[in-house]
Amino acid sequence: MKLFTAVQILLAPLALGAAVTKVEKKVSYDGYRAFRISTHNDAAAVSKKIAGLDFVPFNLDTKDHMDLAVAPKDVATFEALGLETSILNKDLGADIAEEAKFAPYETTTIGTAAVPAISWFNSYHAYADHQTFLNDLQGAFPANSELISAGTSGGGRPLYGIHIWGSGGKGSKPAVYFHGTVHAREWISTMVVEYLTYQLLTQYSTNTTVKAIVDSYDFYILPIINPDGFVYTQTTNRLWRKNRLTRSGTSCVGTDMNRNWPYNWALTGGASTDPCSETYKGVAAGDTAEIRALVALTTTIRAAQGIKLFIDWHSYGQYILTPFGYSCTARPTNQARQTTLSSGLAARIALSYGTRFTYGPSCSTLYATTGSSPDYMHAVATAEFAWTIELRPSSGTSNGFVLAASSILPAAIEQWQGMLYLLPTM
Ligand SMILES: *[C@@H]1O[C@H](CO)[C@@H](O)[C@H](O)[C@H]1NC(C)=O
Ligand SMILES: [Zn+2]
C-alpha cells in the first residue's frame, strides 16, 4: 500500500503534465451572435462604443463594416447600443455544430476507377478525409497526375498536393499554381480548391473545353497549406487563423503565414510585430516551415516552367485582389491586362448565381499587407498573374467564416465557371 502510494505520487504529476499539454479545452461559441456593423468610414467611433464588450473580431478592413461575434453575456448590451447592424450568425455555436455534421466519405466509379463521389461537396470534412479524397482522386487518373508534397508544416504534417498535366506530358507547360486554407478557419477555400481539382481531372477525357485547358498548363494544387491550423480549428477553436508555431519569449501561438512571404516583408504598416496579433508576421522573412517549403516549391516550378497564374484562395468578402499589397500606388507592369482579366472573371462568376465580386489592386481595394503571397509570387516568383480570391460570403444576410454546408457547391460552381473563362483567356 505504501509502495503503491509512492508510485502514484511519482506518476501523477507526469500524467497531469501530459494531459495539460495535449488536451486543450474546445472553445465554445454557443450563444455567440455574429453581427455586421455598418461603420460609414468611422470604425473608430464604433470601436469606442463596443470597447467594454466581450467579442471576437472577424475582419481587418473596417472602413465600410465591422464583423464580429459577441459573447452571450454581452449580446443584450450590444443590441441596446443602437448600432446599424445585421446578423451573420444568430448563434455561432449552433452554426458551428451544424457545420460539423460531416457526411461520410463515399466513392463512385468513373469507368473502372473509384473516385470520390460528388456528394463530397455536400459537407465539410475532417482533415484525414481530405487526404483520402486527394489520394483517391489522383489514384483514378494516374496517367496525367501525381501526388506532390512541398514539405512539412511546423507540426510535421505534409503540405500535400497534386500535379496535373495534359497531352504535352508532365512538366511541359506554363504552371498554374493554386493553394488554399492558408488561414485555418477559411474552410470554404479547401472545398473550392478541391472542386476545381475534381473538375479538371474527372472531365479531362470527356469534355473538350476542359481538355484544352488541362492540355495548356501544368497545374500544381495544394488544398491545405496550413494543416496544423486547420486541424486546430477542428479540435479546439473553429475561428483560429494563423499556423501553430510557438516561439520563445511569448505564450501567444501562431504566425500569419500570409504576412511571412519574403518580399518587402520588413516594411511597416501591413502586418503586426506583436506575436499575439492575428496578423503577426514572424521575426524574419519566411521564418515559418510552411512558407519556406512553398518558396522552395515555387522556385522549382518557376525555374522549370514559369508560373502563368497563381491564386491564393481565401474567405471571406468576395474579392479578386491583384498585386500589390505592400503599396497602394505601386502597380505591376501588366496592370491593364490584370484589370481586364479580373473584371472579366468577376463578370463570369456573377453569371451563375449573381454573386458579386469586387476586383482591384489589393492595397487600394482592401488594405495594406506586407509579406503576402501575391506580392511575392508576382515580384519574385515572376508569376504573370498572382491573385488572392476571397470567397463567399459578403452580404449581411449570410454567414462569416462559418458558411453553411449548403453553400459549398454554389460557391465552388461559380468559381469553376470563372476558371472556364480565365484559364483559356489569360
Ligand atoms: C464541358 O464542361 C463545361 C464546364 O463544366 C460545360 O459548361 C460544358 O457544357 C461541357 N461540355 C460538354 C460537351 O459536356
Ligand atoms: Zn485568409
Side-chain angles (χ1 to χ4, degrees), residues 57-61 67 110 118 121 166 178-193 195-216 222-226 229-230 233 238-243 254-261 270-272 277-281 288 290-291 294 310-321 325 348-349 351-353 362 365-367 369-375 387-394 400-403 409-425:
F58 282 4
N59 60 329
L60 300 171
D61 170 45
D67 293 353
I110 293 185
I118 192 78
F121 301 99
F178 292 162
H179 67 215
T181 333
V182 180
H183 292 138
R185 61 193 175 190
E186 298 168 7
W187 287 11
I188 187 62
S189 74
T190 326
M191 301 303 299
V192 168
V193 168
Y195 185 85
L196 302 178
T197 311
Y198 190 86
Q199 295 303 325
L200 290 171
L201 279 173
T202 60
Q203 294 199 47
Y204 177 68
S205 62
T206 53
N207 184 304
T208 52
T209 308
V210 177
K211 184 173 191 313
I213 289 170
V214 175
D215 285 346
S216 303
L222 283 69
I224 305 179
I225 63 159
N226 179 8
F230 182 70
T233 63
R238 176 64 185 84
L239 294 183
W240 189 258
R241 167 183 165 98
K242 299 185 283 184
N243 72 3
T255 302
D256 185 345
M257 289 159 54
N258 205 32
R259 300 293 184 280
N260 193 241
W261 288 85
S272 176
S277 164
E278 292 282 35
T279 57
Y280 178 51
K281 68 200 290 193
T288 54
E290 296 84 1
I291 299 306
L294 296 173
F310 161 66
I311 297 177
D312 195 336
W313 297 88
H314 288 250
S315 73
Y316 62 99
Q318 295 173 198
Y319 290 99
I320 301 161
L321 301 171
R348 186 60 67 94
I349 290 169
L351 284 184
S352 296
Y353 305 97
S362 182
T365 304
L366 201 52
Y367 46 74
T369 53
T370 52
S372 71
S373 62
D375 285 14
W387 298 351
T388 296
I389 293 187
E390 298 277 359
L391 296 162
R392 291 183 180 202
S394 87
F401 295 110
V402 182
L403 181 67
L409 266 176
I413 288 167
E414 67 195 8
Q415 294 307 320
W416 172 241
Q417 291 303 320
M419 289 303 113
L420 292 171
Y421 155 79
L422 181 64
L423 295 168
T425 312

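What's counted below: heavy atoms across the whole structure, side chains too, no hydrogens, waters or symmetry copies. Order of listing sets the numbers, starting from 1, for every ligand and every atom in it.
- Expressed to the nearest 0.5 Å, how far CD of Gln417 lies from CG of Leu351 amounts to 8.5 Å.
- Considering backbone and side-chain N/O atoms, Thr209 never comes within less than 3.5 Å of an N/O atom of ligand 1.
- Checking only distances, Asn207 does come within under 3.5 Å of ligand 1, N or O to N or O.
- In this structure, Tyr280 has no ring-ring contact (aromatic ring centres under 6.0 Å, His included) partners at least two apart in sequence or on a different chain.
- For atom 14 (O) of ligand 1, the nearest protein heavy atom lies closer than 4.0 Å.
- Judged by distance alone, the side chain of Arg241 and the main-chain N or O of Glu186 form no donor-acceptor pair under 3.5 Å.
- Note: Glu390 CD to Ile188 CD1 = 13.0 Å, rounded to the nearest 0.5 Å.
- Every residue meeting the ring-ring contact (aromatic ring centres under 6.0 Å, His included) condition with His183, not counting sequence neighbours, appears here in chain and number order: His314.
- Contact annotation: for Gln199 versus ligand 1, there are no heavy atoms closer than 4.0 Å.
- Between Arg185 and Tyr316 there is no side-chain heavy-atom pair separated by less than 4.5 Å.
- Within a 4.0 Å radius of atom 9 (O) of ligand 1, the protein contributes no non-hydrogen atoms.
- Sorted by chain and number, the protein atoms of type N, O or S within less than 2.8 Å of the Zn ion (ligand 2) are His183 ND1, Glu186 OE1, Glu186 OE2, His314 ND1.
- For the 3.5 Å distance criterion, the side chains of Trp187 and Thr233 qualify, holding a donor opposite an acceptor.
- Using cut-offs of 30° and 60° on the angle between ring planes, the pair Tyr198 and Phe121 is perpendicular.
- With salt bridges taken as basic N to acidic carboxylate O contacts below 4.0 Å, none links Arg348 and Glu414.
- Trp387 meets the ring-ring contact (aromatic ring centres under 6.0 Å, His included) test with no other residue; sequence neighbours excluded.
- Summarising the contacts of atom 4 (C) of ligand 1 with Ile413, Leu420, Ile213, the nearest heavy atom is found in Leu420.
- Here is the list of ligand 1 atoms found below 4.0 Å of a heavy atom in Gln203: 1 (C), 2 (O), 5 (O).
- Closest to atom 5 (O) of ligand 1 among all protein heavy atoms lies Trp416 NE1, 3.1 Å.
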